[in-house]
Trainee: 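One structure, pasted below without further comment.
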Amino acid sequence: MDGDAGKNPASAVQLGEGARAFLTGGAKHLLIGGKWVAAHSGETFAAVNPATEEVIGHAASGAKADIDDAVMAARKAFENPNWAGISPHQRAGYLLKLSRLIAENAEELAQLETLNNGTPLAMTRGQMLASAQTFEYYAGWATKIYGETNPSDAAFFNYTLREPLGVCGLIVPWNGPISSASWKLAPALAAGNTCILKPAEQTPLSTIRLGELILEAGFPPGVVNIVTGFGETAGAAISEHPDIDKVAFTGSTAVGKMITRAAAVNLKRVSLELGGKSPNVIFADADIDKAVAASVGGFCFLSGQICVAGTRIFIQEKIYDEVAARIAAYTAHFTVGDPFNPATTMGPVVSAEQFERVTSYFDVAKADGAHVAVGAGTLGGKGYFVKPTLYTGVTNGMRIAQEEVFGPVAAAIPFKDENDAVLQGNDTVYGLAAAVWTKDVGRAHRVARALKAGTVWVNTYLKVDPISGFGGYKQSGYGRELGPHSMDAYTQTKTVYVDVTG
Ligand code: NAP
Ligand code: MG
């Protein structure tokens, strides 16, 4: 079947007043110490609309000297009584104010995000509201960071204090810039840290607008600094910096390893949310209609550029042909095109580089002998549009089943029974997420336990809520974001012994 999910006609981008005003007026600056400043080098780089390949703005190219300034500002802010000395209620107040500002400006932020990374507008709108909710959730935590009193000898009063780590470097990718930033900023700030945020080179714009909202929320200067720039320069300067206490990173496993090595210079704390090749296991007794729709969403959402994408679809042998055909048919009805058009269900991939990477896997799959059930092509013309793609006849050892494509490309793989599903599902270096589809409650729980992944979905896919931890097993990283877990990741415990013998 041909994945002729036809490109819908480009609608003229209808940007609102706010987004248009933001995009006029020259290159964007870095936010350091509460002020917008040019990079020391004076250099800037372009932000591109992946749906049209047009340049939509420029941002300052921050590098080592700018990171040095940002670290100094963040250190000063960390020690300043106007941040270090305020009550948890006041910290909560800042977070709540920012949450409200994100919600009030959600449309503008969503438009900037869609323009810069190609995610359909309906989805970026949802992401902005979810980000506002993340700040609201962690505002609640600011007043709930408890220590303990410990049952020590009678001669001592022994208790613990939970304190912030200090200056945190936050490095995020382009697939959900504001979501990723909020997962890190919100708990870091709730705990009383100060931050340097580096967005990905592809998507600087929405984060700069977030910086404006951070200033409007009234955070003291230097509490949040934003340095746009490149991974090799600004990113590397963060991970190597001797006066940064923690680095939180979301991105590829390869860069995660580089960051971990660089962070050893001062043994800064590291938390990593990395890649995935998540198994999505469909048993013969599942609700097939529901499984088919969610499985396609699972690998096509955000054009497949999502770390939890369900790119290995395991289908029980006896239903393999039928279900693979149904997934292919459902995939073919995706509407790929202009992310501002409300009819669009999938936008472009983010950049020329990503377009090359994703399409190169069409040759890899072909060479491995996989069969194209749908897709494996591009839409042609302007914009980085890739057809959603499903391969059948795949074995779990093939590169298409082992390597993260980070595009709308999935492999359908047959399995015999529960044991085989678990063995094959776990046969990967990654362990970020997994799903199981079955009506057998016992099996659902057994398989959920047996799959080595940080999140397991049962009869659903993609659900994430700030109330629960998120993160990886194996080479998908370590540390947990969201939920109470993030408060551990941004605090350290001090034990105090007091001699009470007089
Ligand atoms: P990437 O190259 O690892 O980039 C991610 C971030 O790291 C960007 O800000 C990047 O800056 C920066 N960076 C690059 N090289 C660096 C270095 N040497 N030192 C410090 N920072 C550096 O990732 P990507 O290919 O753009 O993004 C896709 C990857 O992210 C996928 O593997 C995906 O699975 C993963 N991801 C994981 C999660 C999760 O929660 N687990 C979520 C989303 C994405 P530049 O952009 O300026 O190079
Ligand atoms: Mg890069």
Side-chain angles (χ1 to χ4, degrees), residues 45-48 50 59-64 67 116-117 119 127 169-184 196-204 207 226-241 244 247-263 265 268 270-278 299 301-311 349-358 403-407 428-433 453-455 462 464 469-482 486:
F45 62 98
V48 171
S61 185
K64 189 176 178 314
I67 293 293
N116 200 177
N117 81 353
T119 300
Q127 289 175 339
L170 315 176
I171 303 176
V172 299
W174 38 261
N175 54 350
I178 299 294
S179 302
S180 272
S182 69
W183 288 20
K184 294 173 171 50
I196 297 149
L197 172 63
K198 192 206 92 66
E201 68 196 58
Q202 295 84 352
T203 54
T207 308
I226 296 174
V227 179
T228 49
F230 294 90
E232 297 73 12
T233 50
I238 288 176
S239 36
E240 288 163 4
H241 204 289
I244 291 182
V247 60
F249 171 74
T250 296
S252 60
T253 295
V255 172
K257 290 179 184 177
M258 290 164 70
I259 286 179
T260 309
R261 278 192 287 270
V265 66
K268 57 174 71 65
V270 178
S271 52
L272 303 170
E273 302 283 8
L274 308 175
K277 195 76 190 175
S278 299
F299 79 89
F301 185 65
L302 302 191
S303 302
Q305 304 167 118
I306 181 162
C307 48
V308 294
T311 48
V349 296
V350 74
S351 62
E353 190 186 349
Q354 195 61 16
F355 182 81
E356 293 306 319
R357 173 175 156 182
V358 173
E403 297 176 16
E404 184 180 49
V405 178
F406 225 54
T428 164
V429 296
Y430 296 112
L432 194 59
T455 297
L462 290 178
V464 174
F470 177 90
Y473 279 33
K474 300 194 267 182
Q475 292 192 36
S476 291
Y478 47 75
R480 291 289 174 271
E481 299 198 291
L482 302 183
S486 258

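Source: prediction; values computed, not measured. Order of listing sets the numbers, starting from 1, for every ligand and every atom in it.
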Trainee: Side chain, backbone, both or neither: which applies to Gln202 and ligand 1 if a contact is any heavy-atom pair less than 4.0 Å apart?
Mentor: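 The side chain, only.
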Trainee: May I ask you to identify the nearest protein heavy atom to atom 21 (N) of ligand 1, giving residue, atom name and distance to one decimal place in Å?
Mentor: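 Nearest protein contact, heavy atoms only, for atom 21 (N) of ligand 1 is Gly235 CA, 3.6 Å.
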Trainee: Heavy-atom distance from atom 13 (N) of ligand 1 to the protein below 4.0 Å?
Mentor: yes
Trainee: Answer yes or no: does an N/O atom from Gly251 fall short of 3.5 Å to an N/O atom of ligand 1?
Mentor: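 Yes, at least one N or O pair falls under 3.5 Å.
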Trainee: Closer than 4.0 Å to some heavy atom of Ala236 - which atoms of ligand 1 meet that?
Mentor: 19 (N), 20 (C)
Trainee: Determine whether the side chain, the backbone, both or neither of Val308 has a heavy atom under 4.0 Å from any heavy atom of ligand 1.
Mentor: neither
Trainee: Without swapping roles, check the side chain of Asn117 against the backbone of Asn175 for a donor-acceptor pair under 3.5 Å.
Mentor: yes
Trainee: Any idea which part of Met258 is under 4.0 Å from ligand 1, heavy-atom wise: side chain, backbone, both or neither?
Mentor: side chain
Trainee: Can you check whether Ser61 reaches Phe230 side chain to side chain, under 4.5 Å on heavy atoms?
Mentor: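 With C-beta onward as the side chain, the pair touches.
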Trainee: Without swapping roles, check the side chain of Ser278 against the backbone of Ala433 for a donor-acceptor pair under 3.5 Å.
Mentor: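 Present.
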Trainee: Under a 4.0 angstrom heavy-atom cut-off, which atoms of ligand 1 come close to Phe470?
Mentor: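 Near Phe470, the atoms of ligand 1 are 40 (O).
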Trainee: Is Glu404 touching ligand 1 with its side chain, its backbone, both, or neither, if touching means heavy atoms under 4.0 Å apart?
Mentor: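 Near ligand 1, Glu404 shows its side chain, while the N, CA, C and O stay back.
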Trainee: Out of the N/O/S atoms in Glu201, what is the name of the one closest to the Mg ion (ligand 2)?
Mentor: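 Per the distance ranking, Glu201 contributes OE1 as its closest N/O/S atom to the Mg ion (ligand 2).
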Trainee: How far is atom 43 (C) of ligand 1 from its nearest protein heavy atom, and which residue and atom name does that atom have?
Mentor: Asn175 ND2, 3.0 Å
Trainee: At what distance is the nearest protein heavy atom to atom 28 (C) of ligand 1, and which residue and atom is it?
Mentor: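 Residue, atom and distance for the closest contact: Phe406 CE2, 3.3 Å.
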Trainee: So does Gly472 get a backbone contact from the side chain of Arg480, meaning a donor-acceptor N/O pair under 3.5 Å?
Mentor: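 Judged by distance alone, yes, a pair lies under 3.5 Å.
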Trainee: Nearest heavy atom to atom 3 (O) of ligand 1: which of Pro199, Ser252, Ala262 does it belong to?
Mentor: Ser252
Trainee: Considering non-hydrogen atoms of the protein only, which is the closest contact for atom 25 (O) of ligand 1, and what is the distance?
Mentor: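 So the nearest neighbour among protein heavy atoms is Arg357 NH1, 4.0 Å.
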Trainee: Nearest protein heavy-atom contact for atom 27 (O) of ligand 1: which residue, which atom, what distance?
Mentor: Trp174 NE1, 3.7 Å
Trainee: Check Leu432, Val429, Leu272 against Gln475 for a side-chain contact (heavy atoms from CB on, under 4.5 Å) and give me the one that passes.
Mentor: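 It is Val429, the one option of Leu432, Val429, Leu272 that forms the side-chain contact (heavy atoms from CB on, under 4.5 Å) with Gln475.
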Trainee: Given Gly231, Gly62, Ala200, which one has a non-hydrogen atom that is nearest to atom 19 (N) of ligand 1?
Mentor: Gly231
Trainee: Looking at ligand 1, does any of its N/O atoms fall within less than 3.5 Å of an N/O of Gly229?
Mentor: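 Yes, there is a polar N/O contact under 3.5 Å.
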Trainee: Crowded around Lys474 NZ? As in, over 12 foreign heavy atoms under 6.0 Å?
Mentor: yes
Trainee: Could you check if a side-chain atom of Ile306 sits within less than 4.5 angstrom of a side-chain atom of Leu462, using non-hydrogen atoms only?
Mentor: yes
Trainee: Pick, from Glu353, Glu201, Lys198, the option with the minimum heavy-atom distance to atom 11 (O) of ligand 1.
Mentor: Lys198
Trainee: Check the angle between the aromatic planes of Phe470 and Trp183 and answer parallel, tilted or perpendicular using the 30° and 60° thresholds.
Mentor: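 Aromatic pair Phe470/Trp183 classed perpendicular.
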Trainee: For atom 7 (O) of ligand 1, what is the closest protein heavy atom, and at what distance to 0.1 Å?
Mentor: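 Looking only at protein heavy atoms, the one closest to atom 7 (O) of ligand 1 is Phe249 CE1, 3.0 Å.
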Trainee: Tell me, do Pro204 and Asn116 make a side-chain contact under 4.5 Å, heavy atoms counted?
Mentor: yes
Trainee: Quick one: are Thr207 and Thr228 in side-chain contact, heavy atoms under 4.5 Å?
Mentor: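 The answer is no; the side chains never approach within 4.5 Å.
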Trainee: Of all the non-hydrogen atoms in the protein, which one sits nearest to atom 39 (C) of ligand 1, and at what distance?
Mentor: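 The answer is Cys307 SG, 3.1 Å.
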Trainee: Mind checking whether Phe249 and Leu274 have side chains closer than 4.5 Å, heavy atoms only?
Mentor: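 Of all side-chain heavy-atom pairs linking Leu274 with Phe249, at least one is under 4.5 Å.
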Trainee: By number and element, which atoms of ligand 1 are closer than 4.0 Å to a non-hydrogen atom of Val172?
Mentor: 6 (C), 8 (C), 9 (O)
Trainee: Taking 4.0 Å as the limit for heavy-atom contacts, which would you say applies to Ile306 with ligand 1: side chain only, backbone only, both, or neither?
Mentor: neither
Trainee: Should one rank Leu274, Leu302, Thr253, Val464 by closest heavy-atom distance to atom 41 (N) of ligand 1, which comes out on top?
Mentor: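 Shortest heavy-atom distance from atom 41 (N) of ligand 1: Leu274.
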Trainee: Quick check: does any side chain N or O of Gln305 sit under 3.5 Å from a backbone N or O of Leu302, one acting as donor and the other as acceptor?
Mentor: yes
Trainee: Is there side-chain contact between Glu240 and Lys64, with heavy atoms separated by less than 4.5 Å?
Mentor: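 No; the side chains remain at least 4.5 Å from each other.
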Trainee: Run down the list Val247, Thr228, Val255, Thr250 and name the one with the heavy atom closest to atom 5 (C) of ligand 1.
Mentor: Thr250
Trainee: One residue to check: Leu432. Relative to ligand 1, which of side chain, backbone, both or neither has a non-hydrogen atom less than 4.0 Å away?
Mentor: side chain
Trainee: Kindly say whether Gly229 contributes a backbone atom to a donor-acceptor pair with the side chain of Lys198 at under 3.5 angstrom?
Mentor: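 Side chain of Lys198 to backbone of Gly229, a donor-acceptor pair under 3.5 Å: yes, one is there.
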Trainee: For ligand 1, which atoms sit closer than 4.0 Å to a heavy atom of Phe230?
Mentor: 47 (O)
Trainee: Is any side-chain heavy atom of Ile196 closer than 4.5 Å to one of His241?
Mentor: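 Counting from C-beta outward, His241 and Ile196 never come under 4.5 Å.
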